[in-house]
Every structure is written in structure tokens, then in C-alpha cells.
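First comes the structure, then the notes that go with it.
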Amino acid sequence: MSLAQFKVLIFDVYGTLVDWETGIYNSLTPLLADSERQWSKSDVLLAFSSVESDLQGKNPTALYSDILATAYDELAGRIRGRQAAPEASGNTAAPIVVSGDPERTASAISPVGASLFPDDGTPTHSPAATAFAASLAHWPIFPDTIAALVQLSALGLDLVVLSNVDRASFAHTRAALERGFAFAAVYTAEEIGSYKPDPHNFEYAVAQLQADDPSLERDQILVVAQSLPHDHVPARALGLTSAWIDRPDAITCLDGDGVPKFRTAKETFAKWRFRGLGELATAVEEGRVKHP
């Protein structure tokens with residue numbers, strides 16, 4: 001198998017193209033001043049990831065902006081001392097406190113229509129939570145992202161987004177990313193009706209791509225992502241090839257259901273492993289030169 005065989009690259013965005021962890025952590029730092037104990041960056045990110053993932057799983061049709069706002073309010077209860085920080089073990093399935101009550105865990109969060117919305121269907125969030133959700137528009141882009149995307153686009157590849165986000169939120173990120181190229185297609189959790197790692201998200205993207213280009217084969221599609229549980233596990237289960245963008249400073253999205261427990265095993269979990277997007281772009285270009 002060669003990188004030269006691919007016609008379409010499906011990208012995760014937040015964590016792969018955009019520095020999700022820095023954006024989240026910077027936006028949560030005002031809360032840390034209210035804490036009765038020290039929270040490390042790892043504590044905060046693992047706790048937030050745990051809350052967010054649980055909400056996404058239980059509320060698959062909720063907008064990501066509402067997921068973010070709800071996760072903020074839930075995490076605020078932890079940080080303000082109503083629950084100790086989780087151990088920095090990389091386990092994003094830690095118990096989740098709901099509304100600051102340590103007796104209620106992740107299993108107590110109701111499906112969409114109850115936990116995120118009141119009876120009239122209108123989401124209600126604290127002003128701070130709403131502002132936190134809006135901070136997505138300002139999450140930093142990794143330094144190598146735009147140049148790599150331009151390089152890949154110039155090679156004639158179709159660059160496609162498959163992201164756990166809503167359309168309105170992604171519009172801000174899209175405007176920041178599309179500098180010298182344009183995404184061929186964008187698929188979000190909003191229109192799909194579920195969040196990764198649900199395999200349906202990948203099935204939806206592949207079906208749309210093949211409807212647009214009936215000659216496109218599955219082995220001409222490469223999934224490019226940082227998150228092992230959200231992207232590489234479902235991609236592998238569906239027989240899709242993937243390239244792992246192993247961001248060296250990443251704290252989250254390295255463990256979870258179906259993910260090998262040791263880094264040496266993770267190195268072979270995807271077909272290729274790159275330390276950044278620029279490294280991937282260079283490898284693709286070199287591969288296409290060798291295999292025109």
C-alpha cells in the first residue's frame with residue numbers, strides 16, 4: 001500500500017488541524033481560580049473530555065455548541081470543589097458528576113430532551129457556559145496545518161472534513177483554515193445525527209463521497225486524525241485506512257474502547273504515523289513522485 005493511491009483525505013478537525021486542547025484549557029483557566037485545590041492541565045483536559053464524550057454519546061442529536069456549554073457547567077462543579085480531580089491516567093471514562101452531586105455519575109445523565117433541553121426545547125446555559133462554547137471560534141490552529149493543507153490540495157487531492165461539530169460553529173474555523181485552498185466537502189455531527197466514534201459518521205461520509213463520485217473506491221480514501229478512539233477505531237472497524245497524526249503534546253484521545261494500551265502497540269494501530277500534518281504532506285508528495 002502506498003500513499004500515492006489515495007484520492008480523498010478525510011480529516012478530523014479539533015485535535016488534528018486545530019489545537020483543541022489549548023483552546024479548551026485556555027478558555028477554562030478562569031474557573032481554576034475558584035478551585036479549592038490544584039488542577040493540572042492534564043486533570044482539566046481529561047475531566048472535560050470525559051464529560052464531553054459522555055454527553056455526546058447520550059445526546060447524539062444535540063448541537064456541539066450545546067454540548068460544550070453543558071460540559072462547561074458540569075465541569076465547573078468539579079473545579080469548584082464538589083468532586084476531586086480524576087487521576088491523570090488517560091482514562092476518559094472517569095465518573096461524571098452532574099450538577100455537582102457526587103452521587104450521580106455518567107449513567108445518570110438523561111438522553112437529549114432532558115439533560116440539555118427543558119420541556120419547551122430551548123437550551124438553557126449559564127452566560128459563562130455560552131461564552132465558553134463561543135470560544136471555539138478562537139481555538140488556535142496548529143502551526144503546520146494551513147501550509148500542509150495547501151500542499152495536499154495542490155497535489156490534486158480532495159480534502160474532506162468529518163467533525164464532531166455543528167455547522168454554525170465550524171463556519172468560524174472553516175474561515176480561518178481555508179487560506180489558499182477549499183475543502184471539497186464538510187460533514188458534521190449536526191447533519192449526520194451522531195458523534196464519532198459512532199461508525200455511522202464514517203459510513204455517512206463514505207456514502208456521500210461515493211454518491212458524488214461513483215468511481216471512488218474505499219481503498220482510495222484515507223482517514224487523517226489524532227484521536228485513536230474517535231477516528232482510528234471506527235475507521236479500522238469499517239476497513240478504512242488511516243494515518244495517525246500523533247501530536248507530541250496531546251493529553252486526550254489516546255485511550256478508550258478498542259485502543260491498545262501501550263504506546264508501542266499504538267504505533268502500528270494506524271497504517272501510518274506522523275508527528276504532524278506537515279510530515280504527512282511531505283510523505284504524500286514524495287509518494288506521488290515515486291508512484292506517479
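What's counted below: heavy atoms across the whole structure, side chains too, no hydrogens, waters or symmetry copies.
The aromatic rings of Phe183 and Phe170 sit tilted relative to each other, their planes meeting at an angle between 30° and 60°. Aromatic ring orientation, Trp244 versus His232: perpendicular (interplanar angle above 60°, classes split at 30° and 60°).
Rounding to the nearest 0.5 Å places NZ of Lys58 at 4.5 Å from CG of Asp54. We find the OG1-CD distance between Thr61 and Glu190 to be 10.5 Å, quoted to the nearest 0.5 Å. Note that CG of Leu3 is 7.0 Å distant from CG of Leu280, once rounded to the nearest 0.5 Å. Distance check: Leu45 CG to Trp20 CH2 gives 6.0 Å after rounding to the nearest 0.5 Å. Taken to the nearest 0.5 Å, the CZ atom of Phe11 stands 9.0 Å off from the OG1 atom of Thr145. Of the inter-residue distances, the one linking Leu31 atom CG with Phe132 atom CZ reads 8.5 Å to the nearest 0.5 angstrom.
The minimum heavy-atom distance between Ala62 and Tyr195, with the atom names listed, is O-OH, 2.6 Å. The shortest heavy-atom contact between Pro140 and Val18 is O-CG1, 3.3 Å. For the pair Arg218 and Leu238, the tightest heavy-atom approach, listed with the atom from each and the gap, is NH2-O, 2.8 Å. Residues Gly15 and Gln226 come closest through the heavy atom pair O-CB, 3.3 Å. Scanning both residues, His230 and Ser227, for their nearest heavy atoms gives ND1-OG, 2.7 Å. The minimum heavy-atom distance linking Ser65 with Ser169 is given by the pair CB-OG, 4.0 Å.
Glu285 places no side-chain N or O within donor-acceptor distance of the main-chain N or O of Gln151, the cut-off being under 3.5 Å. With hydrogens and angles disregarded, no donor-acceptor distance shorter than 3.5 Å links the side chain of Thr16 to the backbone of Ala225. Judged by distance alone, the side chain of Thr282 and the main-chain N or O of Glu279 form no donor-acceptor pair under 3.5 Å. With hydrogens and angles ignored, the 3.5 Å screen pairs a side-chain donor or acceptor of Gln210 with a backbone N or O of Leu216.
The only member of Asp213, Asp158, Asp212 that meets salt bridge (Lys or Arg N to Asp or Glu O under 4.0 Å) when paired with Lys7 is Asp213. Checking each of Leu157, Leu152, Val150 against Phe181 for a side chain to side chain contact (heavy atoms under 4.5 Å, CB included) leaves exactly one that passes, namely Val150. Of the candidates Asp144, Asp246, Asp249, Arg275 forms a salt bridge (Lys or Arg N to Asp or Glu O under 4.0 Å) with just one, namely Asp246. Between Tyr187 and the choices Val160, Val161, Ile10, the side chain to side chain contact (heavy atoms under 4.5 Å, CB included) rule is met once, by Val160.
The side-chain heavy atoms of Ile67 and Asp166, taken from C-beta on, include no pair separated by under 4.5 Å. With a 4.5 Å cut-off on side-chain heavy atoms, Gln220 and Thr241 do not count as touching. Residues Tyr25 and Asp19 are not in side-chain contact: their nearest non-hydrogen atoms beyond the backbone lie 4.5 Å or more apart. Ile24 has its side chain out of reach of Val44: every pair of non-hydrogen atoms, C-beta onward, lies at least 4.5 Å apart. Here the side chains of Leu222 and Trp272 are in contact, with some heavy-atom distance below 4.5 Å. Ser27 places a side-chain heavy atom less than 4.5 Å from the side chain of Trp139. Within the 4.5 Å cutoff, the side chain of Leu28 has heavy atoms near those of the Tyr72 side chain. Considering only heavy atoms from C-beta on, Asn164 comes within 4.5 Å of Asn201 through its side chain.
Both Val224 and Ile141 belong to a common hydrophobic cluster when Ile, Leu, Val, Met, Phe, Trp and Tyr are linked at side-chain heavy-atom distances under 4.5 angstrom. Taking hydrophobic clusters as Ile, Leu, Val, Met, Phe, Trp and Tyr residues chained together by side-chain heavy-atom distances below 4.5 Å, Ile221 does not share a cluster with Phe274. With hydrophobic clusters built from ILVMFWY side chains whose heavy atoms lie under 4.5 angstrom apart, Tyr204 does not share a cluster with Leu159. Residues Leu209 and Leu155 are members of separate hydrophobic clusters, defined by side-chain heavy-atom contacts under 4.5 angstrom among Ile, Leu, Val, Met, Phe, Trp and Tyr. Cluster membership for Val223 and Val13, using ILVMFWY side-chain heavy atoms within less than 4.5 angstrom, is not shared.
For residues 191-207, every residue pair satisfying the salt bridge (Lys or Arg N to Asp or Glu O under 4.0 Å) rule, not counting sequence neighbours, is listed here: Asp12-Lys196, Arg167-Glu191, Lys196-Asp231.
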**OP:** Could you walk me through whether Phe202 and Ile192 pass side chain to side chain contact (heavy atoms under 4.5 Å, CB included), step by step?
**Re:** CA-CA 10 Å; Phe202 290 89; Ile192 297 172; over 6 Å; no
**OP:** Could you check Lys41 against Thr22 for side chain to side chain contact (heavy atoms under 4.5 Å, CB included), going step by step and ending with a plain yes or no?
**Re:** CA-CA 9 Å; Lys41 182 177 181 179; Thr22 294; 4.2 Å; yes
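For the residue pair Ser40 and Asp43, a side-chain donor N or O sits within less than 3.5 Å of a side-chain acceptor on the partner. Counted by atom type alone, Thr173 and Tyr14 present one or more donor-acceptor pairs between their side chains at under 3.5 Å.
Taking Ile, Leu, Val, Met, Phe, Trp and Tyr as members and joining any whose side-chain heavy atoms lie under 4.5 Å apart, directly or through other members, Phe142 forms no hydrophobic cluster with any other residue.
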